Amino acid sequence: MEKIYNHKEIENKMYQLWEEKNAFSPEKVIKLRNPKNIGEPYSILMPPPNANAPLHCGHATYAIQDLMARFKRMQGFDVCYFPGTDHAGFETQYVYENKLKKEGKSRFDYDRQTLYSLVLNFVKLNSDLAINQLKKIGISADWRRNTFMLDKKVVDRVYKTFIKMHKEGLIYRDGYMVNYSTFYGTTFSDLETEYKDSVSPLYYIKYSVKGTEESITVATVRPETIYADVAIAVNPKDNRYKKYVDKVVINPLNGREMPIIQDEYVDIDFGTGALKITPGHDINDYKIGKKHNLEIISLIDLDGKLNELAKDCAGLYPNQARVKSVEILKKKGALAKVDEAYENRVLIDYKDGRPIEPMILPNWFINMEQLSEAAIKSVENEDIKFNKKLWKNEILRWLKEKKPWPISRQTIFGISIPVWYPIEDNDNLQVTFINSKGESKFGSIKSLLSIYNLKEIEDGLQKVIVPANAKYVVSVDKPGDGKQYLPETDTFDTWFSSGQWPFTTTGFPDSSDFKKYFPTSFMDSMWDIMFFWIARMLMFSLYLTKDSKKGSQVPFKNVYFHGAIADKSGKKMSKSKGNTIDPLEFVEKYGADALRMGILVGGNTASRYSPLDEDKVRGYRNFANKIWNVARFIQISEENAAVPFGIELTDKTLRSEDIKILTDCSALVESVTSKLNKYNFKLAGEEIYEFIWNRLANQYLEEIKDRKDITAKRTLKEVFSICLKLLHPFMPFVTEAAWQELKQKGDLDLIVSNWPN
RNA sequence: GGGUGAUUAGCUCAGUUGGUUAGAGCGCUUCGCUUACAUCGAAGAGGUCGGGGGUUCGAAUCCCUCAUCACCCACCA
């Protein structure tokens with residue numbers, strides 16, 4: 001053995017050894033183990049990393065799942081760890097579009113099919129890269145069970161679920177206030193938007209009251225939307241406006257006569273106490289509009305420009321129209337004053353921080369009423385348990401909102417929604433496509449068909465915009481009834497497919513894996529996707545199993561939410577801050593074992609932000625070397641006479657220090673096992689570290705250095721081998737390597753050896 | 001605006017149901033190249049556990065209050 005532990009060489013060798021023996025395959029492990037009994041199933045789903053980029057430091061937290069997999073495998077459970085990678089819809093398209101941009105191109109240069117296959121190739125390359133990187137950190141998933149989010153089995157499952165939900169009335173199509181990015185040309189769910197502090201001018205606009213000399217002044221940051229105003233609202237308790245309540249005001253931009261309504265929502269103390277109501281472009285106005293049965297006027301088109309209703313401002317983008325509309329108002333004498341330094345918050349997308357336009361757009365929705373209800377019950381009953389009460393409360397709070405889930409996205413990279421629109425029944429389908437000469441064309445299908453044949457349109461199809469009340473057929477394939485159809489060009493929200501991950505990976509409903517490993521035992525994920533993913537999986541699971549013999553089932557019994565990996569000063573790692581760590585750089589420098597310890601023991605995975613400190617990782621690299629050298633000491637002291645594993649506490653030749661360390665060691669086993677079962681990784685790891693370094697290496701080993709008897713050697717070997725087992729889930733490589741050095745012919749590999757008790 | 005959590009050594013954090021002199025890693029100081037390991041060993045400095053009040057024989061640990069800092073949700077015309 002080398003004096004210094006060479007992690008680079010040995011980690012590769014050990015992983016190779018496990019793969020050669022198929023030690024990650026549950027079927028094979030049963031044969032490798034001794035005794036060859038089959039334990040209870042214990043299954044873990046890997047949250048599929050996005051296959052659009054190399055892994056980042058957050059993926060080092062996969063060590064948590066791997067720890068549980070290795071721990072339970074050694075305990076004799078029938079462990080199946082299901083891996084996979086995600087297509088990550090919009091995220092991936094975003095990454096790919098940036099790539100196109102560097103090449104001087106954009107998504108608008110391609111028809112749907114071409115763009116889709118380009119992105120798919122890109123993703124497949126990255127998917128392999130992601131898997132290889134996970135292997136580098138020692139992940140012991142059964143790679144032969146790998147699932148990619150666009151595999152046929154996944155797409156089939158997604159279609160089936162959509163069709164089932166549609167049949168049962170949970171899916172509907174509606175015009176609804178959505179978060180629309182005119183830049184990306186797609187909607188976002190509420191979870192995908194943020195508010196940003198901003199300073200904007202606040203305009204005070206006078207609306208004259210019909211039949212009087214008086215006017216009501218309203219404050220707004222978006223004067224360009226006055227074209228879409230339908231009412232003025234005041235608080236019913238506001239005495240200043242009581243006299244106007246039955247009167248009508250004149251819209252200063254288009255002369256529309258608008259009612260003055262009363263609603264509790266209006267804050268008496270804010271601005272002037274009077275609020276303009278624009279149901280087409282503001283979520284609160286939309287709600288008030290619905291309540292008071294007001295007309296909804298859409299002023300902004302999908303391309304982000306104002307439409308013909310905006311008169312003089314038609315064709316302008318909102319920020320341009322703002323300037324122009326203010327000029328017009330000024331000329332008309334309707335501008336009372338401007339507060340230039342007004343602090344407000346503007347809606348942006350989470351990805352790039354570009355403005356989001358709330359607007360009414362036809363979209364596919366899931367009614368969450370029943371689905372949430374079932375999920376709430378299972379959380380309250382603790383059919384599904386969380387590692388902190390905080391998470392239980394947060395997820396309940398969110399579920400109780402029961403907000404409809406918009407599931408359609410206007411991106412091409414994703415699973416398409418299996419819907420077809422009959423052309424003859426829908427006069428007003430708006431189509432964008434690239435013709436055979438490579439020119440982009442836009443128009444209603446009726447007018448386009450007078451110039452092009454349907455085949456040419458289909459081949460170059462980019463987007464079909466469909467009104468909310470369109471007639472449609474739900475079908476995976478184009479209906480064969482002789483009618484002409486255009487497909488839905490929207491794709492599913494990526495969470496619609498990843499929400500069914502527990503089903504697609506295990507092969508719901510008939511496969512043996514599903515029968516054996518569902519519901520899964522342990523789910524580890526970062527808390528930031530609690531609503532996106534964990535809540536959705538829970539709802540899908542309860543829904544899809546509701547008609548089964550066993551009744552509704554949760555997808556996993558235990559959820560462990562870990563924190564975001566932060567730098568040593570507790571700041572979340574992000575590219576913009578420049579404090580990111582490439583996990584593979586640490587693997588290279590200090591070894592995967594050291595990195596894993598840095599995550600599992602150096603920080604605290606259970607807190608919201610868990611620091612990863614390079615100094616600590618270096619310390620754990622030293623620890624690996626310490627372990628290596630204890631093994632080396634044992635090997636040297638064995639000389640030519642091999643010492644077998646195992647010694648009984650009843651052995652008469654044991655001296656008092658031997659008995660002491662053997663008993664201390666059993667106490668350690670008990671404590672570590674119990675802590676791991678409670679997911680207390682940090683304390684368990686610290687205890688082993690402390691025991692090996694201080695108790696075993698510094699103390700006992702020094703005590704027996706001069707002893708020549710075999711008993712001391714046997715005791716040392718016994719205690720050390722137990723330590724290797726306890727530490728294996730944390731530091732799989734060095735423990736296995738040390739074990740390989742000490743084991744004798746016929747002994748099992750550490751990965752499939754039995755957990756001590 | 002609604003809610004949650006945190007505040008312990010220079011830094012990053014542990015401290016299980018309240019119980020003997022408050023712990024770890026890194027960093028720091030001094031000494032030591034002793035044949036497992038200098039990616040090491042030995043010894044050591046350093047904290048009135050955010051402030052104040054209370055319960056108790058006894059509180060970092062329970063209660064109240066103040067302060068500071070995070071975070072989640074909703075969203076201001």
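First the proteins, then the strands, lettered A, B, ... as listed; each starts at 1. Only this structure's heavy atoms are used, side chains among them; waters, hydrogens and symmetry mates stay out. Being a predicted model, the structure only gives us computed values, none of them experimental.
The backbone N or O of A/I634 lies less than 3.5 Å from a partner atom in the side chain of A/S637, making a donor-acceptor pair.
The side chain of A/N284 places an N or O atom within less than 4.0 Å of a non-bridging phosphate oxygen (OP1 or OP2) of B/C76. OP1 and OP2 of B/C37 both lie 4.0 Å or more from every side-chain N or O belonging to A/N622. Between A/W628 and B/U39 there is no side-chain polar atom (N or O) within less than 4.0 angstrom of OP1 or OP2. For the pair A/N629 and B/U39, the criterion of a side-chain N or O lying under 4.0 Å from OP1 or OP2 is not met.
The base-pairing partner of B/A38, taking Watson-Crick or G-U wobble contacts with both distances under 3.5 Å, does not exist among the strands shown. Base pairing analysis places B/A9 opposite nothing; no Watson-Crick or G-U wobble pair with both distances below 3.5 Å involves it.
The C1' atoms of B/U68 and B/A24 are separated by 27 Å, rounded to the nearest whole Å. Nucleotides B/U29 and B/C71, compared at atom C1', are 40 Å apart to the nearest Å.
Of the residues in residues 389-405 of chain A, those placing a heavy atom less than 4.0 Å from an atom of RNA chain B are A/L390, A/E394, A/R397, A/E401, A/K403, in numerical order.
Nucleic acid contact for A/K705: base, since at least one base atom lies under 4.0 Å from a heavy atom of the residue. A/A631 comes within 4.0 angstrom of no nucleic acid atom, judged by non-hydrogen atoms across all strands. Residue contacts for A/R632: at a heavy-atom cut-off of 4.0 Å it reaches the sugar-phosphate backbone alone, with no base atom in range. Looking at heavy-atom distances under 4.0 Å, A/R608 makes contact with sugar-phosphate atoms alone, never a base.
For B/C37, the base has a donor-acceptor partner in the side chain of A/K626 [N/O atoms by modelled type, under 3.5 angstrom]. Between the side chain of A/E702 and the base of B/A36, at least one donor-acceptor pair of N or O atoms lies under 3.5 Å.
In the set B/C13, B/C37, B/C73, B/C37 carries the atom at the smallest distance from any side-chain atom of A/K3.
Ring to ring, A/Y560 and A/F681 are close: their centroids are under 6.0 angstrom apart. Ring pair A/F561/A/W527: centre-to-centre distance not below 6.0 Å.
Ion pairing between a basic and an acidic side chain is recognised when a charged N comes within 4.0 Å of a carboxylate O; A/D658 and A/R707 show such pairing.
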